[in-house]
Amino acid sequence: MKDLNSIIDSLKGSSSNEQLDKVAKMINSGEAGITPKQAAAMATKIMPMLNKTQQERLKLLLRKLK
């Protein structure tokens with residue numbers, strides 16, 4: 001949980017696009033503790049529970065992971 005809090009703190013004050021870029025970089029570098037493949041699997045599972053705006057942001061993140 002401590003790592004998650006530090007990730008969230010590092011995203012505060014950033015624009016939406018900057019946040020997505022940072023998260024994608026963390027995942028691609030291994031810093032987030034999950035692989036891009038694991039992130040894509042999680043995204044697929046939660047996508048139906050999100051509203052349209054959230055789905056679009058998640059899709060953008062997934063494009064940045066490829």
Give, for atom NZ of K59 and atom CZ of R57, the distance between the pair rounded to the nearest 0.5 Å. 14.5 Å

Distance col, row L60:CG vs L20:CG, nearest 0.5 angstrom, shows 5.0 Å

In this structure, NZ of K52 is separated from CD of Q55 (nearest 0.5 Å) by 5.5 Å

Taking every non-hydrogen atom, the tightest pair across L62 and A40: CD2-CA, 3.7 Å

Determine the sole option in N28, D21, N17 for which the side-chain hydrogen bond (donor to acceptor under 3.5 Å, both in side chains) test with K64 is passed. D21

Taking Q54 for the side chain and N51 for the main chain, is one N or O donor matched with an acceptor at less than 3.5 Å? yes

Mind checking the CE-CD1 spacing from M42 to I34? Nearest 0.5 Å is all I need. 3.5 Å

